[in-house]
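For reference, the structure discussed in these notes is given below.
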Amino acid sequence: MNYGLHLSASGVLTSMYRQDVYANNLANSETVAFKPDFASVLRRAPESQEGAFGLDLRHDLLDRLGGGVFAGSQSINFDTGTMQKTGNPLDLAIENPTSFFAVSAMDPNSGKYQVMLTRDGRLTRNEDNYLITVAGGHRVLDPADKPIQLPVGPLAVNRSGQISQGDVVVGQVQISKVTDEQALTKQGQNLFKINGSRTLRQMDDEPSVLSGFIEASGTDPITELMDLIDASKSATSNANLIRYHDLLLDRAVNTLGRVLA
């Protein structure tokens with residue numbers, strides 16, 4: 001296979017991967033408490049270094065060209081978004097970037113309910129007066145991982161997540177922190193699943209909850225748009241190089257090959 005064609009193809013694939021990530025970030029620029037993704041690209045070693053075929057594939061000129069690129073691991077930017085005032089006492093935002101609300105949600109893989117995390121603090125009550133998330137209707141959990149059922153009437157939430165009605169405490173919102181953010185994966189509906197030991201999730205001893213506020217998306221639309229344009233240009237450039245390599249191969253086979261014959 002033409003080595004230049006191989007390098008250009010790797011450039012197209014990684015650029016399309018970057019396009020997907022940036023487009024998703026941009027599409028969620030208005031999604032409450034959305035956390036954008038980072039798209040990483042890694043340098044690939046030349047064939048002579050990467051291959052394990054027991055053959056001598058080394059070519060000094062090709063080795064200097066490198067082995068192209070490939071998509072690296074995808075990570076999440078957990079920086080705190082801007083706090084936006086709503087005035088709704090059941091709209092909550094967490095100031096600590098490593099803390100989350102705990103909810104009960106169904107794992108699409110196992111089909112079972114389990115504890116998941118979210119930064120989207122838009123909460124309401126369902127017909128049974130359980131505290132649920134507006135997005136998805138997931139039941140919000142207390143520090144004992146139990147759903148919170150509230151009485152009818154006006155409520156107030158303090159900075160520790162304690163829910164009160166007048167002078168009576170009627171519930172406590174669990175605020176969890178994660179010791180390793182890399183263990184979190186997105187599950188849709190602004191939910192995060194914890195992969196690994198359950199000890200990665202711990203109660204936040206000093207929660208800082210803002211009632212009447214929501215956290216805006218962490219996406220910067222201008223930055224994401226510029227990155228998307230850059231990735232699109234890279235994909236187009238590499239696709240053009242593939243076309244040029246195809247033309248060169250055509251000339252080599254159908255023109256030079258015929259002359260030499």
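Computed from a prediction, not measured in an experiment: that's the story for all the values here. All values below were derived from every heavy atom in this structure, side-chain atoms included, with hydrogens, water molecules and symmetry-related copies excluded.
Residue Thr31 comes nearest to Ser217 through the heavy atom pair O-CB, 3.1 Å, listed as atom of the first residue, atom of the second, then distance. The heavy-atom pair separating Asp204 from Ser99 by the smallest distance is OD2-OG, 2.5 Å. Taking each heavy atom of Leu191 and Ala105 in turn, the nearest pair found is CD1-CB, 3.7 Å. Nearest heavy-atom pair across Pro97 and Thr80 is CB-OG1, 3.2 Å. The minimum heavy-atom distance between Asp107 and Gln114, with the atom names listed, is OD2-OE1, 3.2 Å. For the residue pair Val209 and Asn158, the shortest heavy atom distance occurs at CB-O, 3.9 Å.
Between the side chain of Asp230 and the backbone N or O of Met226, no donor-acceptor pair lies under 3.5 Å. Without hydrogens or angle criteria, Ser15 side chain to Val12 main chain gives no donor-acceptor distance under 3.5 Å. Of the possible polar contacts, one joining the Gln172 side chain to the Ser160 backbone as a donor-acceptor pair under 3.5 Å is found. Asp246 places no side-chain N or O within donor-acceptor distance of the main-chain N or O of Ile242, the cut-off being under 3.5 Å. Between the side chain of Gln19 and the backbone N or O of Ala231 there is no donor-acceptor pair closer than 3.5 Å. Between the Lys85 side chain and the Gly212 main chain, no donor and acceptor come within less than 3.5 Å of each other. Side-chain atoms of Thr124 do not come within 3.5 Å of backbone N or O of Val134 as any donor-acceptor pair. Checked by atom type and distance alone, the side chain of Thr133 pairs as donor or acceptor with a backbone atom of His138 at under 3.5 Å. A donor-acceptor contact shorter than 3.5 Å links the side chain of Ser40 to the backbone of Ser73. Looking at Gln165, its side chain does come within 3.5 Å of a backbone N or O of Val152 through a donor-acceptor pair.
In terms of hydrophobic clustering, with Ile, Leu, Val, Met, Phe, Trp and Tyr side chains grouped at heavy-atom distances under 4.5 Å, Ile76 and Phe38 are assigned to different clusters. Neither Met106 nor Ile194 shares a network with the other; the hydrophobic side chains, linked directly or stepwise wherever heavy atoms of I, L, V, M, F, W or Y lie under 4.5 Å apart, form separate groups for each. Under a hydrophobic clustering in which Ile, Leu, Val, Met, Phe, Trp and Tyr are joined whenever their side-chain heavy atoms come within less than 4.5 Å, directly or via other members, Ile148 and Met116 fall into the same cluster. Linking ILVMFWY residues whenever their side-chain heavy atoms come closer than 4.5 Å, directly or via other members, leaves Val32 and Leu123 in distinct clusters. A continuous path of ILVMFWY side-chain contacts below 4.5 Å connects Leu150 to Val168, so both sit in one hydrophobic cluster.
Residues Phe100 and Arg201 are not in side-chain contact: their nearest non-hydrogen atoms beyond the backbone lie 4.5 Å or more apart. You'll find the side chain of Leu141 reaches within 4.5 Å of the side chain of Ser104, heavy atoms only. Looking only at side-chain heavy atoms (C-beta outward), Glu224 and Leu228 stay at 4.5 Å or farther from each other. For the pair Thr179 and Gln202, the minimum side-chain heavy-atom distance is below 4.5 Å. Residues Pro221 and Leu26 meet the side-chain proximity criterion, which asks for heavy atoms closer than 4.5 Å. Residues Asp91 and Arg122 are in side-chain contact: their nearest non-hydrogen atoms beyond the backbone lie under 4.5 Å apart. Ile175 places none of its side-chain heavy atoms less than 4.5 Å from the side chain of Met203. For the pair Val170 and Leu155, the minimum side-chain heavy-atom distance is below 4.5 Å.
Salt bridge Asp227/Arg18: absent, no basic N to carboxylate O contact under 4.0 Å.
The NZ atom of Lys193 lies 12.5 Å from the CG atom of Leu117; values are rounded to the nearest 0.5 Å. Atom CG of Asn28 sits about 7.5 Å away from atom CG of Asn190, to the nearest 0.5 Å. The distance from atom CZ of Phe213 to atom CD of Gln84, rounded to the nearest 0.5 Å, is 10.5 Å. From Thr98, atom OG1 reaches atom CG of Asp180 across 11.5 Å, with rounding to the nearest 0.5 Å. Summarising the geometry, atom OG belonging to Ser8 is positioned 10.0 Å from atom CG belonging to Asn240; distances are rounded to the nearest 0.5 Å. Separating the OG1 atom in Thr86 from the CD1 atom in Ile214 is a distance of 6.0 Å, to the nearest 0.5 Å.
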Decide yes or no on side-chain contact (heavy atoms from CB on, under 4.5 Å) for Leu210 and Arg159, but give the supporting numbers first. CA-CA 6 Å; Leu210 296 178; Arg159 291 186 66 85; 2.9 Å; yes
Can you list the steps and then say if Phe34 with Lys186 is a side-chain contact (heavy atoms from CB on, under 4.5 Å)? CA-CA 10 Å; Phe34 175 79; Lys186 291 184 176 181; 3.5 Å; yes
Worked verdict on Asn77 versus Lys35 for side-chain contact (heavy atoms from CB on, under 4.5 Å): CA-CA 6 Å; Asn77 180 2; Lys35 299 303 175 185; 5.9 Å; no
Would Ile94 and Arg119 count as a side-chain contact (heavy atoms from CB on, under 4.5 Å) here? Give the steps. CA-CA 7 Å; Ile94 306 174; Arg119 293 279 299 186; 3.8 Å; yes
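Note on ring orientation: taking the six-membered ring where Trp is involved, the planes of Phe192 and Phe78 are tilted (angle from 30° to 60°).
Between Gln174 and Ser176, the side chains place a donor N or O and an acceptor N or O closer than 3.5 Å (distance only, hydrogens not considered).
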